[in-house]
Structure formats: structure tokens, C-alpha cells
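The structure appears right after this line, and notes come after that.
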Amino acid sequence: MINLSLPDGSIRSFEKPVSGAELAASIGPGLAKSALAVKIDGEMRDLGRPIERDAKVSIVTSRDPDALELLRHDAAHVLAQAVQELYPGTQITFGPATENGFYYDFARAEPFTPEDFDKIEKRMAEIVDRDLPIEREVWDRAKLKKFFVDHGESFKAEWSEELPGNEEITVYRQGTWQDMCKGPHLPSTGKLGKAFKLMRVSGAYWRGDAKNAQLQRIYGTIFFSDKELKAYLTQLEEAEKRDHRRIAKEMALFHQQEEAAGMVFWHPKGWQLWRTLEAFLRKRLDDGGYVEVKTPQLVDRRLWEASGHWEKFRENMYISENEDGLRDYIANPAERVFALKPMNCPCHVQIFNQGLKSYRDLPLRLAEFGSCHRFEPAGALHGILRVRNFTQDDAHIFCTEKQIEAETIKFCDLLRGIYRDLGFPDFFVKFSDRPPVRAGSDAVWDQAESSLRDASKAAGIDLILNPGEGAFYGPKLEFVLRDAIGRDWQCGTLQVDFVVPGRLGASYVGEDGARHVPVMLHRAIFGSMERMIGILIEHYAGRFPLWMAPTQAVVCTIVSDADGYAKEVEAALVEAGLRVETDLRNEKINYKVREHSLAKTPALLAVGNRDVEARTVSIRRLGSDKQETLALADAVHRLKEEARAPQ
RNA sequence: GCCCUGAUAGCUCAGCGGUAGAGCAACCGCUUCGUAAGCGGUAGGCCGUUGGUUCAAAUCCGACUCGGGGCACCA
């Protein structure tokens, strides 16, 4: 007797094992039809497999949040089948579901182009119409290897060899096509539906390694309904409209050009935004007990050798010619060679090292808006989100081991407040531990990792583990914020470093009168000014809150008779500290409203003859077509209050 | 760096073997108007660079440069 308990609490008993499909049919014909899979004690299984033991079961339909992943994985298989039918000789490799859809990686000499998509989509639809049953088979390892070798599937053959020996190896068959796969899958290709679309083709490496063969990856997405697919495509269009490069052009914030690839030419409006954010952050740092410093861009190789950067980070550094102008530092290793700083930490240690420090000086928090250069591969560059010259809102906290916890808590509080005030109430934290290439002994890493973990716990922060992703000198916390359309961006960081201070000879005199090496906490909140500005542009779609907006208000005249008064209004707003422009052009108010609205100006102040007479202004706020007429002094007062940066 | 894709006026884009096009912006007039485009005119291009095919190339082919989407890398 097998007892299966259903989500509603009822229990169904069967004489012998039943399949998920039979269970669904026993509950009702509607459910049998919409059943896609079954969850047995929370584990998703094929509908056709017998349930052999007592368990909590639930029938998975398209309403189950986990069903989408199933659908997408199946779509990847159908894609692969369609491609192999259309392009014989193409090898299959992997094809998982992803967050937004699915992909499948193929090996084929001829490139796929987006022009092939129509054909492939049609064939996929055909396979859906064939409604092929999807069957699970358990295969013997040797048979599997031979099968793949015989069928010219060298990648699959390679992979089949490496599967752990104790695992059951399953093959899923749909019609004449099959793939080695763990499953689970839908009962038949007909369940897929046709709300799918192939999105793009790109390169990918076999097993994610650039040393391996290059495969062709076809991306697609699928939903249970056309309506959801359409909504997703609309959302993509929305995201494209928010693209910071597009908005930057529209709002004249900055530009980039090939003579300085990966760097930014800030225009007046963009630089104003930068200055506003820098001032906002600087105030918080001042209040938070930091002292600001400024250190050199170009620093002798010897310092980078001492810090370990020359060894661990040199590939990413810009190396200069030496002092005498000799370019060939390889032929003249004794000559002095400089490098543009890729990080600020070694320079901050130099400041720490000036003069004898006592434990009474700790914690010492040295902050810098430090401009760093890193050589990034051309393909990695992306607008101002990924650049080669960026300005870190960097700081290094020199402290004792005992102070790590208190400093971590203090930092998390500071960061939380800043993210909230920028408009990002939600963030999460990743914990990255020791990477394969690193400096420092295992004992030091053990200590660093456990201090950081304990301190995070004390700060009330939940950590998501991110193994092997730490910096070469220490483990780190990475703060990831979520934007207005649900995308995640890694910005802040806190890194514990027991290595670099010692290497660079930092020490302080302790209570015991002996010399000790301080711990250094590397930390950033924005991460980089450039990147944060890019994120803010996309988050707000250029419609910044008043305090951030480069131009906060434009005074628009309705008739030229109001020109003199408009200048007076402008002067009053400037006097109140607002960033204002005046539009005296001989254009209709409709035209001016449209133009300044498209330019995303937060406040428009229209003045006509009535306003000249009554000393009023009519305010129209971005995003609303309502107007409000106020006495000039009231309008100035109100805007001034609202334009104040969050305190 | 690798794969796909693209490059035409300041911007957005059409043209895809036969004399280079539109809208917006710019400039010049007219228009003074109360909340998302008033009217008319003028000017603006080595069709990314470079080889080739052709009677003829923005258009077809190759190379290169740069942009975009991914991969890898990463703040």
C-alpha cells in the first residue's frame, strides 16, 4: 500500500506504485490534462515515472512557479532537435534553462545567423505539433559512449565519460531524437506550446573555458502564454529605452570615443551629476569619521612589486615608459618603470606609514575618490558601466583585529543609508572566499574569513556564499543592489586584508609597547563613480529626483513681454542654490513644455503676462500634466526644500 | 581576446548594382501664442577605411578599424 498525501492534506492510497499521470487522472480529468510533472517530497519528477513510496506529492501545472524552468529546459531540447534536423552534422552539447529563457550550445563549422531563426522556429513549432512523447530511459555507460561516438557527437561522448560512476545515466527521447540529460521533462513536446522566440546567437566556449573549442549558442525564451511572452518582449524594449548610453546622449551627459576607449568625456550636465553625487557621498564620509586623501596616479614599479600587484595583477595594469624616456623596460629591467595605479590601497599604506602610529590612532579611515586605470579586454567594455579608467569611492580602514567587527557594522549602516537615499532600498550581500591565485598563508586566510563572517553576523547581514571569488589579498563582502526593473548590480564591497599592510611594512605601537601589523579593510559603497552614475541613469530612466538632476528647473516664457520677469525668477532660484535655465525663445509654450519634458527636466516654471502682473509662477512637474500657480517666493521656498540632498 | 551583428547628414533611420533620401536638430524669415511639435525657406554627406569584381559600387566580395549583443574576464 502506498499513501500519497496531497497539498490539500488529503491522502490517496494505492495498491501498487502509480505514475504521476495516473495520480493526476485519479484526481480529475482537468488536472490530468494540465499536469506537466509531479513533485515528490519537493523534488520535481517526470509525470511518467512510478511513485514507489509514501510521499508528499503535488501535481505541477503551468501555475507552479517552478514549471517555467521545466518548460524552458524542454524548449532547449526542442531547439536542439530542430537544429539537428535542419542542419545535419551539427553536434549537440548543453542546453539549460536560464533566468529569462534558455539556450543551447552547438558545434557546427558554419555560423548560425539570425536569418536562420525563422526556419528553426518553424521547425520547433512543427515538433510541438508532432506532440512527441518524451520518454526517459536509463542507459548503460559504455552503450552511451559508443552511441555518441557512432553518431559523431564528440562533445557528448567526452562528457559521458566524466559523469560520476554511481549515478544513473538517463537519456530522454522525443521521437527519433534524444539527448543525455538528468531531466525532468514534460510528458510530450505538445505541452511546450508556441509562445517562444529565438533571441540571438553568440559564441560560447565548451565548458566555459576560453582555451576550449568555441561553440555557437542560440538563445531563446518561452512562456506558457503569448501574453506573457509579449509582456517580456515589451519589458526588454523598456530596458533598452533606459540604456544609459542612449539617455546620456539625449541628456548630453557624456560621450566616449575610440581615441580613449573605455574612458569618459564628461559633458557639463553629466559632470554636474557627478559633482552632486560626490558631494553627497563626501558629506556622509565626513560624518562617518573618514579623512579624505589624494594619492599619485603614476607610481614606481617597486611599490607594486612590494604590494603583490606586480605579480598578481600586472596583466591589468598600464605600464609607463621610465623616467628617461626609454620605452623598453624588458631590455632594461634596472631602469625605473612606472605603472598607473589600478587600486589605491598601496598608496594609502604609504600615508599610513608616515610617522609612527599608535593603537590610539586606530581605526584610521583614509578615503579617496581615487582614479584608477585597469586594462580591460575590449569585449568587456560597456558604456560607463565597465570602463578602463574609473574613480573608486575607495577607503581603507586601518584597524586592529578586534575592531573588525565594529567597523563592519558601522560600514554596513553607512552603506544601507546611502543606498536608501539613492533610491535602492533593496540589496543583498555575497561572501567571496579564497581564490585559487592568492597571497598569504592558509592560516591567515582562515583567520580573515572567519573574522569577516562573524562580523557580518554581528551586523545582522545574511550572506550568500560565492566560493573562490575573493581578492588575492583577502575575502570580501559584495553588496548587490536591485534597480527599478529588477536587475541586480554589484556595487559596494568590504574586504578584509591581513596581507598587504605587512608586505608594505605598516605597523603601529600597541598597548603592550610592541609593534603590530594593522588589519586593513578595503571598502567602497558606489564601487565606482562611473558605474554608479550609469546604474542611476538606468534606474531612474534619466528622470532623476530633484536633488540629483543636473538641471533642476527651467523658466519658460509664454510671451516675450515676460522676459524680464523670467530673468528675475531665475535669479531668485539661483540665489536659493538651484540649478536653473531660462528659455526665452520665440516658441509656443507647448513647444517648450514638450522639449524640456523630453529633456527630463524635473520642474518647469512657466511665466506669462498674468504672472508678471501677480508675481507668480506656474509650476509643472515632470510626469504630470497638472499645473500649480504659486507666488514666486513660495515656489522658490518649496523647490529649495525639495532640492536639498537627503541628510 | 573569441563568436554573431552593424557602420549612410549633428541625431534617428530609409535606400541594397544606374545622378544620395526623409523626419528631427541647425541657420534665416514670419508668427507673441497659457502647458508635449505654429508656418515658410536655406544649408548640410569621400555612404567607417582600404583592396577587389563590374561599363557602372552606398549597394556584391575580401581585409582592417570602430560600435552593438553574447562568451571569457570583472567595479
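Lettering of chains follows the sequences in order, A, B, ..., and the numbering in each one begins at 1. Both backbone and side-chain heavy atoms feed into the values below; hydrogens, waters and symmetry mates do not. Not measured: the values here are computed from a predicted model.
Close to B:rC39, at under 4.0 Å from its OP1 or OP2, lies no side-chain N or O of A:Tyr591. Between A:Lys249 and B:rU12 there is a side-chain N or O to OP1 or OP2 distance below 4.0 Å. Contact annotation: A:Lys592 does not reach the phosphate of B:rG34 (side-chain N/O to OP1 or OP2, under 4.0 Å). Between A:His382 and the phosphate of B:rG67, there is no side-chain N or O to OP1/OP2 separation shorter than 4.0 Å. For A:Tyr219, no side-chain nitrogen or oxygen approaches OP1 or OP2 of B:rC4 to under 4.0 Å. Side-chain N/O atoms of A:Arg620 include one lying less than 4.0 angstrom from OP1 or OP2 on B:rA36. Distances shown here put a side-chain N or O of A:Arg245 below 4.0 Å from the OP1 or OP2 atom of B:rG69.
For the pair A:Ala210 and A:Gly383, nearest-nucleotide mapping onto RNA chain B gives the more 5' position to A:Gly383. A residue-by-residue look at A:Cys491 and A:Gln627 shows that A:Gln627 has its nearest nucleotide of RNA chain B further toward the 5' end.
Across the P atoms, B:rU65 and B:rU53 are found 24 Å apart, a figure rounded to whole Å. Taking atom P in both B:rG6 and B:rC46, one finds a spacing of 24 Å when rounded to whole Å. Taking the C1' atoms as reference points, B:rA56 lies 33 Å from B:rU42, given to the whole Å. Of the C1' atoms belonging to B:rG23 and B:rA37, the separation is 12 Å, rounded to the nearest Å. B:rA7 sits 10 Å from B:rC60 when the P atoms are compared, rounded to a whole Å. Using P as the reference atom, B:rG29 and B:rG70 are 49 Å apart when rounded to the nearest Å. Nucleotides B:rC3 and B:rC11, compared at atom P, are 30 Å apart to the nearest Å. To the nearest whole angstrom, the two C1' atoms, one in B:rC73 and one in B:rA14, are 39 Å apart.
Nucleotide B:rU32 forms no Watson-Crick or G-U wobble pair with any nucleotide shown, as no partner meets the under 3.5 Å limit on both distances. B:rC66: Watson-Crick or G-U partner is B:rG6, with both key distances under 3.5 Å. In this structure B:rC46 sits in no base pair that meets the Watson-Crick or G-U test at under 3.5 Å. Base pairing of B:rU12: its partner is B:rA22, meeting the Watson-Crick or G-U wobble criterion (both donor-acceptor distances under 3.5 Å). Nucleotide B:rC74: unpaired (no Watson-Crick or G-U wobble partner with both distances less than 3.5 Å). Across every strand in view, B:rA58 sits unpaired, with no contact that passes the Watson-Crick or G-U test at under 3.5 angstrom. With a cut-off of 3.5 Å on both Watson-Crick or G-U wobble distances, the partner of B:rC27 is given as B:rG41.
Side-chain atoms of A:Arg386 come within donor-acceptor range of the base of B:rC74, with a qualifying N/O pair under 3.5 Å. A donor-acceptor contact under 3.5 angstrom links the side-chain atoms of A:Arg594 to the base of B:rA37. No hydrogens or angles were tested; on distance alone, nothing pairs the side chain of A:Tyr103 with the base of B:rG70 as donor and acceptor under 3.5 Å. Contact of A:Glu376 with B:rA75 (side chain to base): a donor-acceptor pair of N or O atoms is detected under 3.5 Å. Residue A:Asn609 places no side-chain atom within donor-acceptor reach of the base of B:rG34, judged by atom type and a 3.5 Å distance cut-off alone.
Looking at the side chain of A:Tyr205, the nearest of the listed nucleotides B:rG34, B:rA75, B:rA72 is B:rA72. Closest contact between the side chain of A:Phe390 and the listed nucleotides B:rC33, B:rA36, B:rA75 involves B:rA75. Considering only the side chain of A:Ser560, B:rU32 comes nearest among B:rU32, B:rA75, B:rA36. For A:Ser202, whose side chain is taken as the heavy atoms from C-beta onward, the closest listed nucleotide among B:rC3, B:rG38, B:rA72 is B:rC3. In this structure, the nucleotide among B:rC4, B:rC71, B:rG69 sitting nearest to the side chain of A:Pro111 is B:rC4. Listed candidates were B:rA75, B:rC71, B:rA72. Nearest to the side chain of A:Pro377 is B:rA72. Here B:rC66 is the nucleotide among B:rG34, B:rC66, B:rG38 with the atom lying nearest to any side-chain atom of A:Glu258.
The CG atom of A:Leu414 sits 10.0 Å away from the CZ atom of A:Arg365 when rounded to the nearest 0.5 Å. For the atom pair CD of A:Glu530 and CD of A:Gln392, the computed distance is 10.0 Å after rounding to the nearest 0.5 Å. For the atom pair CG (A:Leu605) and CG (A:Leu573), the distance works out to 6.0 Å, reported to the nearest 0.5 Å.
For the pair A:Arg416 and A:Tyr419, the cation-pi criterion (under 6.0 Å, within 45° of the ring axis) is not fulfilled.
Following rounding to the nearest Å, A:Arg388 (CZ) and B:rG1 (C1') show an atom-to-atom distance of 11 Å. Atom-to-atom, CG of A:Leu277 to P of B:rA75 comes out at 21 Å; the value is rounded to the nearest Å. A:Phe313 places its CZ atom 11 Å from the C1' atom of B:rC73, with the value rounded to the nearest Å. Rounded to an integer number of Å, the gap from CZ of A:Arg585 to P of B:rC30 is 18 Å. When the C1' atom of B:rG69 is taken as reference, atom NZ of A:Lys197 falls 14 Å away, rounded to whole Å. When rounded to the nearest whole Å, the span between CG of A:Leu236 and C1' of B:rG68 equals 15 Å. Straight-line distance from the CG atom of A:Asn466 to the C1' atom of B:rC74: 12 Å, rounded to whole Å. Rounded to a whole Å, the CD atom of A:Gln256 is 13 Å from the C1' atom of B:rG68.
The pair A:Arg282-A:Glu292 counts as a salt bridge, with a side-chain nitrogen and a carboxylate oxygen less than 4.0 angstrom apart. By the 4.0 Å N-to-carboxylate-O rule, A:Asp105 lies close enough to A:Arg217 to be salt-bridged with it. Using a cut-off of 4.0 Å between Lys/Arg side-chain N and Asp/Glu carboxylate O, A:Asp209 and A:Arg207 are scored as not salt-bridged. A salt bridge between A:Lys430 and A:Glu469 is absent, with no side-chain N of the basic residue lying under 4.0 Å from a carboxylate O of the acidic one.
Using a 4.0 Å heavy-atom criterion, one finds that A:Leu598 contacts the bases of the nucleic acid, with or without backbone contacts as well. In this structure, A:Lys476 reaches the sugar-phosphate backbone alone: every heavy-atom distance under 4.0 Å involves primed, P, OP1 or OP2 atoms, never a base. Note on A:Ala204: only backbone sugar-phosphate atoms sit closer than 4.0 angstrom, heavy atoms only; bases stay farther off. Across all strands, A:Arg217 comes closer than 4.0 Å only to sugar-phosphate atoms, never to a base (heavy-atom distances). Base contact: A:Asp611 has a heavy atom under 4.0 Å from a base atom. Residue-level contact check: A:Val607 touches neither bases nor backbone, having no heavy atom under 4.0 Å from any strand. Nucleic acid contact for A:Gly527: none, since no nucleic acid atom lies under 4.0 Å from a heavy atom of the residue.
Residues A:Tyr104 and A:Phe106 bring their aromatic ring centres within 6.0 Å.
Between the side chains of A:Gln552 and A:Glu642, not a single donor N or O lies within less than 3.5 Å of an accepting N or O.
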